Colleague: 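Sharing a structure below in structure tokens format, with a few things to ask.
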Amino acid sequence: MTAHRAYAAALAALCSLPAMGAAAQHTFRSGVDGVRVDALVTDGRKPIAGLTPADFELRDNGVLQTIDSAALESMPLSLIFVLDTSGSVAGGKMKHLGDAVDLILEGLHRDDRAALVTFSHRIRLRTPLMSDFGALRRMMSSADAAGGTALHDAVYAALAISDVEESRPLLVVFSDGLDNMSWMSADVVEKAARRANAVVYGVAVAAAMVPRQTSTPSGSRVELVPEYERGQTAFLDAIADATGGRVLKADTTQRLPKAFDEILREFRTRYVLTYSPQRVDAPGWHRIDLKLKRRTADVKARAGYQR
Amino acid sequence: MRRIGLLVLAAVCLRAGPAAAQQEYAGVLLEYLTGDSDAAVEKVRRLDRGEIQAGVEAFNRTGALQILPGAAALHTEAAFRFPPAADSAFHLAIATAIVEFGEPTGRLKPNSTFAIAPQYARPVSDDFRSLWYCTVIGALESTVRVTIAIRFIDRALAAFPKNAELQLLAGVAEEMRASPRIMGLSEGDRRDALKAAETHYRAALAAQPDRLEVRLRLARVLQQHKDLDSARTLLAPLVSVNDPRIAYLAALFLGGVEDASRQPDAALAAYDQAAARLPLAQTARLAASELRHRRGERQTAADAVPAAAGDANTFDPWWTYVFGEFWRGDLLLDALRKLRRA
């Protein structure tokens, strides 16, 4: 077999998985009258419940706005998995990833929808947003892992398809390494994330677990500690910051199910605020500053929006 | 061919050492030179190091000098044909010792577990040697063994400084070093590597002005140097060449140049042109989608994703651009085989 044919065969093998689910792809027009801000409000790590619009202070480009609504779970969820299936994830790691997907799907409601994007050097939209979670599970279980890592391009693709949704888009992005295949730079995709409505949660695992000797009063012991590559989570951190999400370091793929479960639970505690921008008509980037009026809290929300 | 076969057999008869191993090796080499070469390559991969060493040693002690380049070709194929050989480095070392006979780099290290000390060998022909360098360097680049490739490049360019193919491969190696997809160089080292790549590509272009691959790669390097006008000048004619791979990459890179020049309409036109040239490639479609998303055309941007990331989108030249001219690897190995069998 020639190398060229072998390469083509390898690519073909990577891409010979079953066809995309037959469910129709729904598309919605994005809301244009108001701005939606998905916000996580916590005291330490504990979510703060029972807040109303009157509890929030929101500024759009520095101009105080009137919040129309602040609700928990008022809209169905559009969950898009963006999962690294590059060569480094082959083997048992794929099983852990599949378990994590299963767990989060079990927590979805009937009117929620989910989509599956996988990436190696190639981006694959394996299922569009749909409520047939069984089809998504089947696609996940048939996915194999090989090739490079086009993380940036994959995140952009997921942002694009999430951005015409009227429901709450949530991207769960998993990667175990650095991008080495994308056309788009990190900066370009970060800007796309700033324009988009989705909240991005990243999940990273360490490149390796390395032994480290520690001294304790009762003697020394050796423990395994996670070792992340330099800059490994920089892109995910930037995307999460831009969209009001966060990055979870799961350390190992065995802990992926727990991390995915934590994301869904946390997302369910977020508020969806809406407001109609007043006295801020200028086109371009609008910075959003959000905080509570009468108490101190950690508030995570998108950094702004493009008008 | 018959004559070569007789020489091989004669060589074996003249040997000293482990006869069975030498005969086994001689049989494989004879099959490579006169029979089923593919089968011979598979067989030599199954021989152990001792058998190979004994076989090569036997030929070293005979006057059958023309056999050794054949052995070099055989071991080069054993090192690089797909699927990858477990003992690739050993086969490459054997081939290198033969091709670079008489030079310090061609001698195996004193502490090596085996030794090749030809008594009568002489350097291979320049034609064979330059082709061998191109084959080896191209194969090393396509398997991302850049550091080793550069060692061969240094020796190859010392021998053939005006060889366009070698200059192209040298440029590819520097481009690979500069790529964050391959190596994590500092920004300064990365700039230096790109500058070196530009120098090699310009030398290649001087030797072979009509080589499209060199024009494409030089343009890409210039684009990264922010010399956008020069990059545009090189790329514009390439988007309409017959080779769809070159045309696609040229249009994709031109889109990047126009985007960096803040010409979104021209960038979009270039990305769409790339997508039209290779409709199943995904990178140009995603790049166009991102540009439309930036312009606020969100529905159009979203609609482009399923068409870019579906089951049919199985090949994109961008995925392999950084690995050099991998698709030519087998062509070069074929040429090497042909040169030894002619």
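Being a predicted model, the structure only gives us computed values, none of them experimental. Residue numbers start from 1 in every chain, and the chains themselves are labelled A, B, ... in the order their sequence lines are given, proteins ahead of strands.
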Colleague: Which heavy atom in A/Asn197 sits nearest to a heavy atom in B/Arg298, and how many Å separate them?
Modeller: ND2-NH1, 4.5 Å
Colleague: Any non-hydrogen side-chain atom of B/Arg294 less than 4.5 Å from a side-chain atom of A/Gln306?
Modeller: no
Colleague: With a 4.0 Å cut-off, would you call A/Arg124 and B/Asp311 a salt bridge?
Modeller: yes
Colleague: Salt bridge or not for B/Glu290 and A/Lys191, using N-O below 4.0 Å?
Modeller: no
Colleague: Please look at B/Leu333 and chain A and tell me whether the side chain, the backbone, both or neither of the residue comes under 4.5 angstrom of a heavy atom of that chain.
Modeller: neither
Colleague: Within a reach of under 6.0 Å around CZ of B/Arg295, are more than 12 heavy atoms found that belong to other residues, nucleotides or ligands?
Modeller: yes
Colleague: With a 4.5 Å cut-off on heavy-atom pairs, point out which of B/Ser289, B/Ala312, B/Ala284, B/Gly256 contacts chain A the most.
Modeller: B/Ser289
Colleague: Quick check: does any side chain N or O of A/Tyr156 sit under 3.5 Å from a backbone N or O of B/Ala287, one acting as donor and the other as acceptor?
Modeller: no
Colleague: Quick check on the interface: out of A/Ala154, A/Gly148, A/Ser182, A/Ala158, who has the most heavy-atom pairs with chain B under 4.5 Å?
Modeller: A/Ser182
Colleague: Is A/Trp183 reaching over with its side chain to a backbone N or O of B/Thr283, donor-acceptor style, under 3.5 angstrom?
Modeller: no
Colleague: Nearest 0.5 angstrom please: A/Ile161 CD1 to B/Asp303 CG, how far?
Modeller: 11.0 Å
Colleague: Atom CD in B/Gln299, atom CG in A/Asp163: separation rounded to 0.5 Å?
Modeller: 10.0 Å
Colleague: If you count heavy-atom pairs under 4.5 Å with chain A, which of B/Leu252, B/Leu286, B/Asp38, B/Val322 comes out on top?
Modeller: B/Leu252
Colleague: Identify the two heavy atoms, one from B/Ala302 and one from A/Ala160, that lie closest to each other, and give their separation to 0.1 Å.
Modeller: CB-O, 3.3 Å
Colleague: Is there a side-chain contact between A/Met181 and B/Trp318 in this structure, where contact means two heavy atoms from C-beta onward sitting under 4.5 Å apart?
Modeller: no
